[in-house]
Q: 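Can you read through this structure? Questions will come right after.
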Amino acid sequence: MRVLITGGAGFIGSHLADAYIERGDEVYIIDDLSTGSIENIKHLKAHPRFHYTIDSVHNAPIVAELVDQCDVVFHLAAAVGVRLIVESPVRTIETNVHGTEVVLAQANKKKKKVLIASTSEVYGLSADVPFREDGCLVLGATTKGRWSYACSKAIDEFLALAYWREKRLPTIIVRLFNTVGPRQTGQYGMVIPTFVKQALAGRPITVYGDGRQSRCFCHVSDVVGALMRLMEHPQAVGEVFNIGSNEEVTILELAERVRKLTGSPSEIVFVPYDEAYEQGFEDMPRRVPDISKINALVGFRPTKSLDEILQTVIDFYAGRTTAHGD
Ligand code: UDP
């Protein structure tokens, strides 16, 4: 198979590229390196079945050319990370809305199947936990810039489903819950790389708010497996799927586990939200996926526990594994 991955030099995209290369497929990526990095694909650059283009998905003629060369498209290029979203809201909205428009329009010309990466953020402030794909989205106020990400991704979902219903372009939507593993950077706010780096350096571990907010973390290798299975399942078309783990942990417990696993002397400090982010921030108190839909269709179940996941990130940041190994 010939696979196009937008955002292929990003954290999840580069792991997906690795998996297809390993399987023997032909991989094309496009990435503008805004949040992705060459380091993530360094080991693939010389591979004869790996082709990379450093450009933006806003560049329609380039996207058209790449779509033409491939059989399927994974659209993972997006502005991600709460810190980036809050600090660069214009870029977030433009990348997530316009970039997806370009990819869908070009894929439609050749009727190439597209999988769109959406996010658990779209559930917003919904209290209907665990979140089901057919549940309502409860987006926060427009004065809180954070929600621009959820809203832009919700538009992507509507657009992708509209292409399927109106133009019979086969599209699949995945809502990715917190995904972690080697190569993820803490630069844009992600909590696990942030805590691990703080613990390894013996710096204070910064828990925002009271630490009672919770998340479920899934290892990138499990997420990549789910993406590949969905892409190849004919009944996934026109559907929305949660992908994530349902092992819930509070952020305070997470900080304690990181401290224990690293054997770090770091103290855990509580940082009020208004000190953590200048403006436009509001936290999601709980985020747990219902994964019965994807489990029923492709048998998805996360295989790595939270401690195993944390260990892979600790090994990565402690320099015990390379950027290319898990
Ligand atoms: N968080 C934290 N300290 C940090 C970074 C994040 O306590 O240094 C918290 C954040 O407020 C949220 C959770 O960790 O409750 C997950 O944050 P992240 O930005 O990783 O992802 P989110 O799930 O919010 O998109």
Side-chain angles (χ1 to χ4, degrees), residues 10-12 35 78-89 92 96 117-126 129-131 137-140 144-154 175-181 183-201 203-220 223 242-259 262 264 266-289 306 309-310 313 317:
F11 159 54
I12 300 175
T35 56
V80 292
V82 176
R83 187 158 296 284
L84 178 73
I85 289 154
V86 168
E87 285 167 10
S88 312
T92 299
N96 294 357
S118 181
T119 168
S120 54
E121 278 272 316
V122 297
Y123 292 107
L125 297 167
S126 167
V129 181
F131 300 136
L137 311 184
V138 185
L139 300 185
K144 302 277 186 195
R146 176 193 184 134
W147 302 117
S148 66
Y149 176 58
C151 197
S152 65
K153 283 293 182 182
R175 292 183 180 154
L176 301 180
F177 283 65
N178 295 63
T179 304
V180 285
R183 297 183 200 155
Q184 186 176 42
T185 157
Q187 212 180 330
Y188 307 110
M190 278 76 164
V191 67
I192 288 187
T194 303
F195 281 4
V196 166
K197 282 208 266 185
Q198 289 169 335
L200 289 174
R203 285 187 277 117
I205 300 178
T206 53
V207 170
Y208 297 165
D210 62 11
R212 285 193 297 183
Q213 70 274 29
S214 74
R215 293 293 186 271
C216 300
F217 297 95
C218 192
H219 196 264
V220 64
V223 171
N242 290 335
I243 301 181
S245 155
N246 44 17
E247 185 185 345
E248 189 176 9
V249 63
T250 68
I251 297 302
L252 180 55
E253 273 170 59
L254 178 72
E256 281 158 357
R257 278 159 93 158
V258 169
R259 189 167 59 172
T262 51
S264 169
S266 290
E267 57 168 337
I268 294 174
V269 296
F270 292 92
V271 181
Y273 285 124
D274 55 0
E275 280 177 28
Y277 294 97
E278 267 174 34
Q279 55 181 355
F281 182 75
E282 179 171 32
D283 214 350
M284 276 181 83
R286 269 187 92 192
R287 188 191 273 167
V288 184
L306 180 60
I309 293 170
L310 288 175
V313 180
Y317 277 111

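Source: prediction; values computed, not measured. Quick note: residue numbers are just sequence positions, from 1. Remember, it's 1-based here, ligands and their atoms both numbered in the order they're listed.
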Q: Look only at the side chain of Gln213 and the backbone of Tyr208, and say whether a donor-acceptor pair between them is shorter than 3.5 Å.
A: yes

Q: Checking Lys153 side chain against Ala117 main chain: does a donor-acceptor pair fall under 3.5 Å?
A: yes

Q: Could you tell me whether ligand 1 has any atom less than 4.0 Å away from a heavy atom of Met284?
A: no

Q: Which heavy atom in Pro193 sits nearest to a heavy atom in Gly186, and how many Å separate them?
A: CB-N, 3.7 Å

Q: If I compare all heavy atoms of Gln198 with all of Ser266, which pair ends up nearest, and what's the gap?
A: O-OG, 3.5 Å

Q: Quick check: does any side chain N or O of Asn96 sit under 3.5 Å from a backbone N or O of Ala79, one acting as donor and the other as acceptor?
A: yes

Q: Given that the side chain starts at C-beta and the backbone is N, CA, C, O, which of these parts of Arg287 lies under 4.0 Å from ligand 1, counting heavy atoms, or is it both or neither?
A: side chain

Q: For the residue pair Asp283 and Tyr273, confirm or rule out a side-chain donor-acceptor distance under 3.5 Å.
A: yes

Q: Quick one: which ligand 1 atoms are inside 4.0 Å of a heavy atom on Glu121?
A: 25 (O)

Q: In the protein, which heavy atom is nearest to atom 7 (O) of ligand 1, and how far is it?
A: Tyr208 N, 2.7 Å

Q: If you measure from each non-hydrogen atom of Asn178 to ligand 1, which part falls under 4.0 Å: side chain, backbone, both or neither?
A: side chain

Q: Check if Phe195 has a non-hydrogen atom at a distance under 4.0 Å from any atom of ligand 1.
A: yes

Q: If you have a sec, work out which protein heavy atom is nearest atom 13 (C) of ligand 1 and how many Å separate them, to one decimal?
A: Ile251 CD1, 3.5 Å

Q: Which atoms of ligand 1 sit under 4.0 Å from any heavy atom of Thr194?
A: 8 (O)

Q: Mind checking the CD1-OH spacing from Ile85 to Tyr188? Nearest 0.5 Å is all I need.
A: 12.0 Å

Q: What protein heavy atom is closest to atom 24 (O) of ligand 1, reported as residue, atom name and distance in Å?
A: Arg215 NH2, 3.0 Å

Q: What is the nearest protein non-hydrogen atom to atom 19 (O) of ligand 1, stated with its residue, atom name and distance?
A: Gly189 O, 3.2 Å

Q: With respect to Asp283, determine whether any N or O atom, backbone or side chain, lies less than 3.5 Å from an N or O atom of ligand 1.
A: yes

Q: Purely on distance, is any nitrogen or oxygen of Arg146 under 3.5 Å from one on ligand 1?
A: yes

Q: Check Thr206 against ligand 1 and report side chain, backbone, both or neither, counting heavy atoms closer than 4.0 Å.
A: both

Q: In ligand 1, which numbered atoms sit nearer than 4.0 Å to a non-hydrogen atom of Val207?
A: 7 (O)

Q: Which atom pair, heavy atoms only, marks the closest approach of Thr92 to Ser148?
A: CG2-OG, 4.3 Å

Q: Between Arg212, Gln213, Met190, which one has a non-hydrogen atom sitting closest to atom 9 (C) of ligand 1?
A: Gln213

Q: Is there a donor-acceptor contact under 3.5 Å from the side chain of Glu256 to the main chain of Ile268?
A: no

Q: Is ligand 1 under 4.0 Å from a heavy atom in the side chain of Val191, in the backbone, in both, or in neither?
A: both

Q: Test your reading of the model: is there a side-chain donor-acceptor pair from Glu247 to the backbone of Leu306, 3.5 Å cut-off?
A: yes

